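A short worksheet on the structure shown next.
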Protein chains: 2
Amino acid sequence: MRYKCAVKSFKVVHIVRHGVRANASVNGAQSIRRAAQILRVVASFSGRGATLGEVVASSALQKATVHRMLRALCEEGLVEQDELTRNYRIGVGIFALNASMGDRFDIRSLAQDALQRIRDQTEDTVYLAIRSGYDGLCLALYEGTYPEKTLKLSVHDRWPLGVGAFSMPLLAFLPDGEVNEIIEHNAVRLAGDELHTAALLLKRVGDTRARNYAVNTIEAYPTMCAIGVPVLDAQQRPIASVCLTAIISRMPPERRERIATLLWAESKKISEAWQQLRSVVAQVDSWRTIQPGRKAQATQVGV
Amino acid sequence: MRYKCAVKSFKVVHIVRHGVRANASVNGAQSIRRAAQILRVVASFSGRGATLGEVVASSALQKATVHRMLRALCEEGLVEQDELTRNYRIGVGIFALNASMGDRFDIRSLAQDALQRIRDQTEDTVYLAIRSGYDGLCLALYEGTYPEKTLKLSVHDRWPLGVGAFSMPLLAFLPDGEVNEIIEHNAVRLAGDELHTAALLLKRVGDTRARNYAVNTIEAYPTMCAIGVPVLDAQQRPIASVCLTAIISRMPPERRERIATLLWAESKKISEAWQQLRSVVAQVDSWRTIQPGRKAQATQVGV
DNA sequence: ACAAATATTCCACATTATGGACCGAGCAAA
DNA sequence: TTTGCTCGGTCCATAATGTGGAATATTTGT
C-alpha cells in the first residue's frame, strides 16, 4: 500500500531477441529505457567522455542503435560530443534540467552542516556520496584534522556500487532485486578482481544489513578503516551515503559502534531536511501562472 | 565548416501524421526527441511539478503517449511523481547525471567572480541566467549596493526566451532558425500579451543584435532599465547571460554603453574560463582505468 | 602506404510505439 | 444520491518507427 500509483497491469515481459534479454515493466518505452541507459553509461565516464565503442561495450546495444541515440541526445543537448576527441559526454541540457529544480536535489549543501559536525566531533575525514548509474559517486569530502590522514578518495571519484564503505550503503539498502541486478551488472567490469566477486559483494551486503552500517577494513587498504551509512528517503531508499575514514589504529570495535551511531544520527537529520524540501515542493515556486491553452501552457508575463 | 561533426545526410523529413508535423534531422529517434521534450516541459514547471494534463497541453503530444513516457522516465529516475499531488517533476536521476560532470557545467561558480566585479564597480544588481527549455532561467543574483533597488526577478524565476533583458541575449544570439522556432513555440503561451507578440520579439532580436546587447526599458517596468549580454561558447552559441538592472535615472545612454562594454568584458572572461574547462575535459578525471571488455568496461579497482 | 580500429550511414523489415477510445475515481452541482 | 464533468490512467489493433546486420567512410597506428 506504499505506492499510491495505480499500476494495474504490472507486466514483466521478457523479450528475448537476438540473444539480448530485457525486462520491462512499462511497455512501449524501449527506446526511452535505452536512452536512459546510454545517458548513465556516458555519465559513468565523467568528463573524459566515452567513445562510441565504449558506450556500445558497456550497454549491450547495437552500435548503430547507440550511435543513432547518441546523435539524437546530442541534438537535444542532453549529450555533447567533444569536437576534438569525438567522445560523448553529458551535455548542458542535463544541467539546465537539473537547474530547474533549484537546489532541491543539492544534497551537498543539504548535508553540509551534518558532515561538518561529524568531522568536528571525530577529527576524521568524512565523505558524502550518491548513486550515479551503477557507481557510487563521491560528492564531497571534509578532511579530518587528525594528523594521520587516510586520503584515498577524492571528490568526483566513482566506484562500482558496493565497492568501498561509501559505496556499499548505497547498494545494501536497496531491495534485493535491485541489489542482484546491480551486482550482476557490475560483475562484468569487476571480472578478475578477486576482492570483489559477485559472491563476496553479496555476502558484504548481508553483513552490512546485519550490522546496519558498512565497514571496510580488509580489502586493499589494510591501514585504514572506513564506516558508512546510507541517507534514506521517505520510502527507505538510499539517496546518499555518509562515510568516515580513519587509520585503523583509531578504529577499535567500540569506537566503530560509536561512529556508526553518530553517522546514523546525522544521516537522519539529512533525510529529514530532504523530506522537508520534498513536501513543500508542491507549492508554487515562482511568479508564473499557468493557463493551459489548446496546445500549450499560457504563461502570464509581466507583474 | 563550423561543425566538424560529419552529418552526411541532413535530411529534414516532414512527417505529417494525424495532423501533427515534426521535423527531424536524425531519423529513428522520435521517442527520444519526445522524451527530451517532455523532460523540458516538466522542468519548466519547476519544483511544483506538472500534471499529466499540463504536460499534454504543453507538448502537443497524445495523452497516452505522454503518460507512457512519463512512466518510463519515472522508472528510470529521470522524473519523479509526487505521491500526494501526482504531479510529475524532474527526478534525482538528472541530478546524478549532472553530478557526474563535476562542476564543469556550474556556470554559477564559474561566473561568480565576474558578477561580483560588475556589481562592485556599478553598485547595481547583476543577474546570471541560462537557457532552460524555452525559458531563460535566473541562476544567480548579486544585489546592488545602490540604495534605490529594482528587484523584479529572483533566482529560479523563468521567463520565456526573449522576454526581459536577461532572457533576450539567450535568444538573440542563437541562429535565425532556432530563433524563429522558439518564438513560434512561445507564441502560444504568450498569446494575448501585446507586449510580447512574435513580431515584437523578432524586432527586438534584431535590435539586440544590432546594438550588440539587450536593453529593457519600455515594457512593463517604466521605472527601471536592464542591460543584458550573452556569454558565448567557442561556437558563439549563448550558454548564459549576464544582466544588470538599475532605476532608469541611473541609465542615461552613455552609461548604458559603458555598462554594456563592462558586461561584455566580463562575459568574455567567463566564456574563457568555460572553454578552458572544456579543453581539459579530455584528460582522465579520476583514478579509474577503462579496459573495454567483451560486453562492458572493466574498471580497475584498488590502488 | 597500408592495415586495423573506429565511426558513420544505409535500408529492408517487423517489433515497437502510437493514439483514439475507453475506464473509473474524485468532485461539484443538482 | 444521482448526474455530469474532469482528469489520471489503460487498452489494443495498427502501421510507423526504430532496429541492426552489413556496407562504407574515417581515423589511427605502424
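Residue numbering restarts at 1 for every chain, and letters A, B, ... go by the order of the sequence lines. On a predicted model such as this, the values are computed, not experimentally measured, just so you know.
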Counting only side-chain heavy atoms from C-beta out, which of [options] sits nearest to [X]?
X	options	value
B/Tyr88	D/dG20, C/dT8, D/dG9	D/dG9
B/Gln30	D/dG21, C/dG19, D/dT17	D/dT17
B/Gln81	C/dG19, D/dG9, D/dG21	D/dG9

What is the distance, rounded to the nearest whole Å, between atom [atom1] of [X] and atom [atom2] of [N]?
X	N	atom1	atom2	value
A/Asn87	C/dT6	CG	P	12 Å
A/Glu54	C/dA5	CD	P	16 Å
A/Gln62	C/dT6	CD	P	16 Å
A/Ile38	D/dG18	CD1	P	13 Å
B/Met69	D/dG9	CE	C1'	16 Å
B/Gln37	C/dA17	CD	C1'	16 Å
A/His67	D/dT26	NE2	C1'	12 Å
A/Glu83	D/dT27	CD	C1'	17 Å

For [X] and [N], is the shortest distance between a side-chain N/O and OP1 or OP2 below 4.0 Å?
X	N	answer
A/Arg71	C/dA7	no
B/Ser31	D/dG18	yes
A/Arg86	C/dA5	no
A/Arg34	D/dT19	yes
A/Arg68	D/dT19	yes

Got a donor-acceptor contact below 3.5 angstrom from the [X] side chain to the [Y] backbone?
X	Y	value
B/Arg34	B/Ala36	no
A/Ser100	A/Leu97	yes
B/Thr85	B/Asn87	yes

Take the C1' atoms of the five end pairs on each side of the helix from C/dA1-D/dT30 to C/dA30-D/dT1, get both axes, and report the angle to 10 degrees.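 Axis angle across the helix from C/dA1-D/dT30 to C/dA30-D/dT1, nearest 10°: 50°.
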How many angstroms lie between atom CG of A/Leu52 and atom CZ of A/Arg86, to the nearest 0.5 angstrom?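 Nearest 0.5 Å value for the CG-CZ distance: 11.0 Å.
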Could you check whether B/Arg71 pairs with B/Glu76 (Lys NZ or Arg NE/NH1/NH2 to Asp/Glu carboxylate O, under 4.0 Å)?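 Salt bridge between B/Arg71 and B/Glu76, a charged N being under 4.0 Å from a carboxylate O: no.
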Heavy-atom closest pair, residues B/Leu61 and B/Gln37: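 Smallest heavy-atom distance, with atoms named: CD1-OE1, 4.2 Å.
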Contact check, side chains of B/Ser44 and B/Arg158, non-hydrogen atoms, under 4.5 Å: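 A side-chain contact under 4.5 Å exists here.
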Could you tell me if the side chain of B/Leu232 sits less than 4.5 Å from the side chain of B/Ile239, heavy atoms only?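 Not touching, per the 4.5 Å side-chain cut-off.
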Starting from the 5' end of DNA chain C, give me the residue, A/Leu52 or A/Ile32, whose nearest nucleotide shows up first.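 Upstream on the strand: A/Leu52.
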Polar side-chain contact B/Lys63-D/dG8 base: donor and acceptor under 3.5 Å: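 Side chain to base: pair found, below 3.5 Å.
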